Amino acid sequence: MVGMKGRPLRRIVEWLTVVAITGSGPAAAWAQERSWEWRWEVHPMWWMMGAWGIGMLLFMLIFWGLVIAGAIVGLRWFFRPGLRVEQDAAVAILRERYARGDIGKEEFEAKLRDLRG
């Protein structure tokens, strides 16, 4: 235990040195040369260049268009003002007079047409 005092710090320094020299690991892999020639046939996404790729692009655009349109419609519905039924005071008085029997049906309908104009 006597000689262990500086060892953990020394290991950290050694590890940091290795990381700094190798370029944090992936640099060695990036520097390697490919052993095969690159062609569309060996590309993992070669099928994306044909009609299937165009179809997938269109479906993606339709999907995101629907998502965005749905979000807009949902937000507009959520933040819309409540359905307020604002009655005109004159129409309310006219209905009260008709309910009490002060005016007849023909007079009520004529005045209601005049008020709604």
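What you see is a predicted model, and the numbers here were worked out from it, not measured in a lab.
For Glu14, the salt bridge (Lys or Arg N to Asp or Glu O under 4.0 Å) test picks out Arg10, with sequence neighbours left out. Under the rule for a salt bridge (Lys or Arg N to Asp or Glu O under 4.0 Å), the partners of Glu107 that lie at least two apart in sequence or sit in another chain are Lys111. With sequence neighbours excluded, the residues forming a side-chain hydrogen bond (donor to acceptor under 3.5 Å, both in side chains) with Arg100 are Asp102, listed by chain and number. For Ala110, the side-chain contact (heavy atoms from CB on, under 4.5 Å) test picks out Arg113, with sequence neighbours left out. Here Val67 pairs with Phe63, Trp64 under the side-chain contact (heavy atoms from CB on, under 4.5 Å) rule; sequence neighbours left out. For Ile72, the side-chain contact (heavy atoms from CB on, under 4.5 Å) partners two or more places apart in sequence, or in a different chain, are Ile68, Arg76.
Both Trp77 and Phe79 belong to a common hydrophobic cluster when Ile, Leu, Val, Met, Phe, Trp and Tyr are linked at side-chain heavy-atom distances under 4.5 angstrom. At a threshold of 4.5 Å between side-chain heavy atoms, the hydrophobic network of Ile, Leu, Val, Met, Phe, Trp and Tyr places Ile93 and Val91 in two separate groups.
The two atoms that bring Phe108 and Leu94 nearest to each other are CD1-CG, 3.5 Å, heavy atoms only.
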